[in-house]
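Note that ligands are numbered from 1 as they come in the structure, with each ligand's atoms numbered from 1 the same way.
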Amino acid sequence: MSAQADQPIGMFDSGFGGLTVARSVIDLLPSENLVYIGDTARYPYGPKPASDVRSFAIELANSLVNDFKVKMIVVACNTAAAVALQELQETLPVPVIGVVEPGARALVSVTKNKRVAVIGTAGTISSGAYDKAVARVSSDVVLTAAACPGFVEFVERDETTGVAVTELAEKLLAPVRNADVDALLLGCTHYPYLSAVISQVMGAGVKLVNGADETANSVRDALVKNNIARSVGASSKGTHEFYSSGDVQQFAELGRRFLGPELSATKYWQKK
Ligand code: DGL
């Protein structure tokens, strides 16, 4: 085992949503140590200009490297990965994994008719990151992309069913329904919580894809490739630390919904 193996994996998101990715990483790699920062003070990233999101992502990633000595960074936020992944990969001294490439791979792997769709925040969809990622995975798959402003807020309010969210889904998903797709990637950390509504609107013939598990697979592969995986053993359960730039109490409460009981306490992360 290399000297770096015991150092934590660093993960960040605009807030709570990336905890769905943390869940998948903890389940797949229980012996890894993890530090997660949710930038709730500046959340949401989805409607913000790409230049702002890029500078937040750089600040968070640098803090994980310099203050927490992480051995790898996971950008668990689709919006941040869509606009900042390449720059982070080019400038940081540790491997950097995003959620976009794994999501695109998972999406392409399930389509039969080669017509697929992705939904995400305005920032994610307007970046074109998923168009490029799907084209890299397969040149003969047609992608329809749609922004779904408002979905995140419904999840935050814990209003994941009902007339209002269903009406919004019917409106926002209309272009996707018209595109005759057989697979739809939930390209935002929050959307898995709206699976029931989205599935009802899209119909049984459309498979919903969540990239979190494929992202965890990419994390595992990168740890192995870089020889920095922590040895797996019954007695070597990893530690998990959670930080928030906003209200830590609220983060712990809402975060438990996304992650589960591992989220016992949250510490404060000071943004610049
Ligand atoms: N985490 C963001 C994403 O996956 C959604 C929430 C936000 O807009 O900040 O795109």
Side-chain angles (χ1 to χ4, degrees), residues 10-25 36-61 73-85 88 96-104 106-107 117-131 133 145-160 165 168 172 184-195 198 208-216 218 242-247 250-251 254-255 257-259 269 271:
M11 188 180 284
F12 72 86
D13 176 47
S14 57
F16 317 95
L19 292 170
T20 52
V21 180
R23 176 76 268 156
S24 292
V25 169
Y36 179 103
I37 306 176
D39 193 9
T40 44
R42 295 182 292 207
Y43 161 95
Y45 284 3
K48 294 213 163 69
S51 55
D52 286 359
V53 175
R54 201 173 293 122
S55 68
F56 301 157
I58 290 167
E59 186 190 345
L60 287 155
I73 301 264
V74 182
V75 184
C77 175
N78 289 261
T79 312
V83 300
L85 185 72
L88 296 177
V96 184
I97 306 286
V99 285
V100 173
E101 294 285 345
L107 177 65
V118 62
I119 52 174
T121 66
T124 298
I125 298 305
S126 66
S127 75
Y130 274 106
D131 304 80
C148 291
F151 273 11
V152 164
E153 287 75 9
F154 272 101
V155 175
E156 295 281 326
R157 288 200 299 272
D158 204 8
E159 200 181 328
T160 52
V165 69
L168 181 66
L172 296 173
L184 169 61
L185 176 65
L186 306 175
C188 171
T189 48
H190 287 58
Y191 296 178
Y193 290 89
L194 295 176
S195 291
I198 295 170
L208 301 190
V209 179
N210 170 5
D213 287 346
E214 188 59 23
T215 302
S218 295
F242 300 92
Y243 291 81
S244 161
S245 58
D247 184 331
Q250 192 202 10
F251 186 95
L254 197 53
R257 232 177 69 209
F258 285 84
L259 187 93
W269 179 81
K271 69 177 168 60

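Taking 4.0 Å as the cut-off between side-chain N and carboxylate O, Arg257 and Asp158 count as a salt-bridged pair.
When each of Val21, Thr189, Thr40 is paired with Asp13, the side-chain contact (heavy atoms from CB on, under 4.5 Å) condition holds for Thr189 and for no other.
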Check ligand 1 for N or O atoms under 3.5 Å from a protein N or O and list each pair with its distance.
{"unit_1": "ligand 1", "atom_1": "1 (N)", "unit_2": "Asp13", "atom_2": "OD1", "d": "2.8"}
{"unit_1": "ligand 1", "atom_1": "1 (N)", "unit_2": "Ser14", "atom_2": "OG", "d": "3.2"}
{"unit_1": "ligand 1", "atom_1": "1 (N)", "unit_2": "Thr189", "atom_2": "OG1", "d": "2.9"}
{"unit_1": "ligand 1", "atom_1": "4 (O)", "unit_2": "Asn78", "atom_2": "N", "d": "3.1"}
{"unit_1": "ligand 1", "atom_1": "4 (O)", "unit_2": "Asn78", "atom_2": "ND2", "d": "3.2"}
{"unit_1": "ligand 1", "atom_1": "4 (O)", "unit_2": "Thr189", "atom_2": "N", "d": "3.1"}
{"unit_1": "ligand 1", "atom_1": "4 (O)", "unit_2": "Thr189", "atom_2": "OG1", "d": "3.2"}
{"unit_1": "ligand 1", "atom_1": "8 (O)", "unit_2": "Tyr45", "atom_2": "N", "d": "3.4"}
{"unit_1": "ligand 1", "atom_1": "8 (O)", "unit_2": "Gly46", "atom_2": "N", "d": "2.8"}
{"unit_1": "ligand 1", "atom_1": "9 (O)", "unit_2": "Ser14", "atom_2": "OG", "d": "2.6"}
{"unit_1": "ligand 1", "atom_1": "9 (O)", "unit_2": "Tyr45", "atom_2": "N", "d": "2.7"}
{"unit_1": "ligand 1", "atom_1": "10 (O)", "unit_2": "Thr79", "atom_2": "N", "d": "3.2"}
{"unit_1": "ligand 1", "atom_1": "10 (O)", "unit_2": "Thr79", "atom_2": "OG1", "d": "2.6"}

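Checked against the 6.0 Å centroid criterion, the rings of Phe251 and Phe242 do not qualify as a close aromatic pair. Under the 6.0 Å cut-off for aromatic ring centres, Phe12 and Phe56 do not qualify, their centroids lying 6.0 Å or more apart.
Nearest heavy-atom pair across Gly18 and Met11 is O-SD, 4.1 Å.
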Chi angles and distances behind the ring pair (Phe, Tyr, Trp, His ring centres under 6.0 Å) call for His190, Phe16: CA-CA 9 Å; His190 287 58; Phe16 317 95; 7.6 Å; no
